[in-house]
Amino acid sequence: MTGPTHKDGLTDGQRAHVAPMMPVERGNLPPLRLHVPEPPARPGEQADFTHFDVPPAGSAPRPDEASAPGDMRDMAYGLIRVLDADGQAVGPWNPRLSPDTLLKMLRDMALTRAFDARMFRAQRQGKTSFYMKSTGEEAVSIGAALALSRDDMCFPSYRQQGLLIARDWPIVDMMNQIYSNRGDRLKGRQLPIMYSAREAGFFSISGNLTTQYPQAVGWAMASAARGDTRIAATWCGEGSTAEGDFHSACTFASVYRAPVIMNVVNNQWAISSFSGFAGAESTTFAARAIGYGIAGLRVDGNDVLAVQAATRWAADRARANGGPTLIEHFTYRVEGHSTSDDPSAYRSAEESGQWPLGDPIARLKQHVIALGIWDEERHAAMDRELAEMVRDAAREAEKNGILGHGLHHPMESMFEDVFEDMPWHLKEQQQQMLDEWKAAGL
Amino acid sequence: MMAEILTDVSADTQQMTMIQAINSALDVMMARDPDVVVMGEDVGFFGGVFRATAGLQQKYGKNRVFDTPITECGIIGVAVGMGAYGLRPVPEIQFADYIYPALDQLVSEAARLRYRSAGEFISPMTVRSPFGGGIFGGQTHSQSPEGIFTHVSGVKTVIPATPYDAKGLLIAAIEDNDPVIFFEPKRIYNGPFDGHYDTPARSWAGHPDAQVPTGHYRVKLGEARIARSGGALTILCYGTMVHVVENVVTAMGIDAEIVDLRTLVPLDIETIEASVKKTGRCLIVHEATRTSGFGAELSALVQERCFYHLEAPIERVTGYDTPYPHSLEWAYFPGPVRICEAISKILKD
Ligand SMILES: Cc1ncc(C[n+]2csc(CCOP(=O)(O)OP(=O)(O)O)c2C)c(N)n1
Ligand SMILES: [Mg+2]
């Protein structure tokens, strides 16, 4: 760099590209302004959800599953709610589930929460590197799982552990993955909670946001091309809808009328960024569907009956060759983003308590008690039993080792599964590693 | 360095971590140049998941420091547009592992804008991104993708190894009129790392290169640093591996010359050439995967330029050609055992 220096310390060379862009005189036009979104409340401020329009339970109409997307646009701006403040299931979306199904949902949600509590603690005790809870969002996974067929394919994000629980996947297996131990079917290769469970119709989770979205559409297109009857479902957070993959998925789903359910879990936060940074100040996430000509539903994500009913609607539609549905689940991330996060640094501590849609477990509990099929004593006993169950499962899993304490898969296993057949260079690297560690006496 | 520009360097230095040094570089540049803007996921109010941008939004306002939607492609595309307007964007990609959605905007756009418009438009952005492993981040918080960018013509690739260099290089990168990929070795954000993961983590306190001037200074792009001079062999490395190598060399008590490359493109070939011609032996160490890694380029260059001075084959110690495994992180990491073996092998004949 050469030449004279301007008062800001930059050289001519550095300034050169700016000069031709200097604005010409434009009279008395007002200066433009950049809008940068700001959440309603920061730490120390009063949480405020009054701007959320919470329509009464039962008030949302239920269009026919065969409706054209253009005839049901209002659904993307309303909120499907079934459980009212008294615990009654009301309105056209009431799925009228059997007592057994209701109690399974309650148990699955409670087990998910107990599992999360235990594994969060395990991370704090240094038994693993990382964990992510789904507290407050359990209904989103459990309601969907109960509405899908067991063989429908799920392409989840990292916060849908409830799908595995609802599909009765062994929690010891999940814990082995979290501990990255020798019992981990994924051979310790993945970050904790990045499960893969093909037998449970649960696709391998990626750490890269929203990549699962077009993949789910592709699976659904394949199923349709083959004349299969299975459909696909996928999930991402509201923040993740900004990724290009989300929009590619919507385009493909629309063009090929793919039998897929695309779920957006709007838990209001993406690490420290509120939903406004994904576009929520201007529209809803369900309304993303409208531009693509896809059916869009917006659901109270803390109402497991509403989630179940909306998912069943979308599944029936897809199975009848009616094409894709985008469902926004309106919910709240009660805890930090992950064990690496402290939300008190960026959001009001009161928010969680003031969330207007309540807690999904408490709401279903109130409902089943009102139905006369459940009571406080049985609920307390269930909570105790689940806490013991996860404790016992954790002890069982810990017998296979915890992270960093030796009981992992053999070191040479690192080189397996890069390819189906190991090429010469990986064989060589594998051998070299073993030789070096041996030479070093390790 | 250009003396006439260094007028506002105060004699003040302060002990800083690498994170603080990066934060200070951004602060200094935002204060000096109103065109500098900082953007990225969680960088605004919160100050970034590693706190590198802490306090900047409060100081410079939301017009100049702002959170972005979660779309790396969007972040870099917008930075190209802002650069075309005349701003000097410093986007952050939260982890290098998440830079791939931005590749088209970086490779096809930012890197070629000057060339395809014959200098009419340029892309003076500096893309900051934490990279590398050693924090049990699994395969999506550990990668070292620098070789992807050194392979692209039109972007510069910079990797600091100390707080002092992190600040000086970042300032030089921001002032540079070409796009710069600035990879920050996250394992050494808070302290140097000697490769012994089972010993307590160290802090930067007391480290000579953690004494950082509080004002403006540059570490020129394209100049390597001799981290240790010696005659027995030359070790080419950068980022976290500089510290791991230093520790091995000390432990082995050998007279190695350690070259901290600092800038991979444009490379300081003179320093490399002079060193290898002096020692006659060369080891290359990086954490990134081996095949088509930057070490392959270094090896070719050394062979082309120093062949008749070499007394032993050039060796590479690198990450294995597998994804970064979670539980086997320390078997994967090219640590002291492997470096020591390679040095012994080179010195044997
Ligand atoms: C491609 C990519 N960019 C950035 C990240 C880092 N990251 C992980 S989670 C996250 C926030 C996601 O928020 P949201 O989509 O709302 O999901 P939530 O965590 O709320 O469930 C970010 C930015 C990532 N994993 N992948
Ligand atoms: Mg979210």
Side-chain angles (χ1 to χ4, degrees), chain A residues 1 5 8-11 13-14 16-18 21-22 34 36-38 42 129-130 180-181 184 187-192 194 206-209 239-240 242-245 270-273 277-279 340-341 345-346 403-404 408-409 411 413-415 418 425-426 429-430 433 436-437 439-440 442, chain B residues 2 4-5 7-8 32-35 41-42 44-47 49 62-63 66-74 83-88 94 97-98 100-101 120-122 124 135-141 175-177 216 290-291 320-323 325-328 330-332 337-338 340-341:
Chain A
M1 285 174 284
T5 306
D8 58 9
L10 300 180
T11 63
Q14 290 168 329
H17 75 292
V18 181
M21 308 300 293
M22 285 306 179
L34 181 68
V36 180
E38 190 59 41
R42 287 296 191 186
S129 55
F130 181 77
S180 257
N181 62 24
D184 173 13
K187 302 188 179 176
R189 290 179 187 146
Q190 274 278 53
L191 199 65
M194 302 281 174
S206 173
N208 297 58
L209 295 172
S240 301
E243 292 283 6
D245 284 357
I271 311 185
S272 78
S273 303
F277 280 101
S340 314
D341 181 41
Y346 53 76
L403 182 66
H408 46 65
H409 280 269
M411 293 202 308
S413 71
M414 189 200 310
F415 298 90
V418 179
H425 68 288
L426 284 177
Q429 290 174 22
Q430 188 184 41
M433 178 185 82
E436 278 168 347
W437 285 77
L442 293 162
Chain B
M2 297 189 54
E4 79 274 15
I5 301 176
T7 44
D8 68 340
R32 277 167 72 93
D33 183 355
D35 290 340
E41 296 158 16
D42 302 294
F45 182 86
F46 184 49
V49 295
K62 292 199 296 180
N63 260 12
F66 49 88
D67 291 313
T68 62
I70 305 172
T71 158
E72 294 74 15
C73 158
Y85 178 89
L87 301 190
R88 200 166 278 279
Q94 200 164 78
D97 314 65
Y98 303 139
Y100 306 119
E120 209 173 49
F121 293 99
I122 62 167
I135 61 157
F136 270 118
Q139 50 194 267
T140 55
H141 304 89
E175 291 178 349
D176 195 280
N177 279 338
H216 175 279
R290 184 179 187 87
T291 301
Y320 298 120
D321 286 326
T322 78
H326 179 247
S327 69
L328 296 175
W330 295 117
Y332 179 92
V337 171
R338 297 177 59 200
C340 179
E341 292 276 331

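All figures in this text were calculated on a predicted structure; none of them were measured in a lab. Values below: all heavy atoms of this structure, side chains included; hydrogens, waters and symmetry mates excluded. By convention in this document, chain letters (A, B, ...) are assigned in the order of the sequence lines, proteins followed by strands, and residues within each chain are numbered from 1.
For the pair A:Glu243/B:Ile70, a side-chain contact is recorded, criterion being any heavy-atom separation below 4.5 Å from C-beta on. Proximity of B:Leu328 to A:Ser413: side-chain heavy atoms (C-beta onward) are separated by under 4.5 Å at one or more points. Side-chain contact between B:Thr322 and A:Leu426 is present, with at least one heavy-atom pair separated by less than 4.5 Å. Looking at heavy atoms from C-beta onward, B:Lys62 lies in side-chain contact with A:Glu38 at the 4.5 angstrom threshold.
Checked against the 6.0 Å centroid threshold, A:Phe415 and B:Tyr320 count as a close aromatic pair.
Contact count against chain B (heavy-atom pairs under 4.5 Å) is highest for A:Ser273 among A:Pro37, A:Ser273, A:Gly244. Interface remark: of the candidates B:Asp67, B:Val49, B:Asn63, B:Asp67 forms the most heavy-atom pairs closer than 4.5 Å to chain A. Across A:Gln190, A:Met411, A:Lys187, the residue that shares the most heavy-atom pairs under 4.5 angstrom with chain B is A:Gln190. When the candidates B:Ile135, B:Thr291, B:Asp42 are compared by the number of heavy-atom contacts under 4.5 Å with chain A, B:Asp42 comes out ahead. Heavy-atom pairs under 4.5 Å with chain A peak, among B:Pro101, B:Gly74, B:Cys73, B:Gly137, at B:Gly137.
Side-chain atoms of A:Asn208 come within 3.5 Å of backbone N or O of B:Asp97 as a donor-acceptor pair. Between the A:Glu436 side chain and the B:Val337 main chain, no donor and acceptor come within less than 3.5 Å of each other.
The CG atom of A:Leu209 sits 7.5 Å away from atom CD of B:Glu41, with the distance rounded to the nearest 0.5 Å. Put simply, NE2 on B:His141 and OG on A:Ser340 are 8.0 Å apart, with the number rounded to the nearest 0.5 Å. The line from CZ of A:Phe277 to OG1 of B:Thr71 is 14.5 Å long, rounded to the nearest 0.5 Å.
When heavy atoms are compared at a cutoff of 4.5 Å, A:His409 approaches chain B solely by way of its backbone atoms N, CA, C and O. For A:Leu403, the part lying near chain B is the side chain, with the backbone staying farther off; criterion is any non-hydrogen pair under 4.5 Å.
What you find for B:Glu341 and A:Ala440 is that their closest heavy atoms are OE2-N, 4.3 Å. Closest non-hydrogen pair, B:Ala331 versus A:Met433, comes out as O-SD, 4.2 Å. Smallest separation of non-hydrogen atoms from B:Pro323 and A:Val418: CD-CG2, 4.1 Å.
Ring pair A:Tyr346/B:Phe46 is perpendicular by interplanar angle, where above 60° counts as perpendicular and below 30° as parallel.
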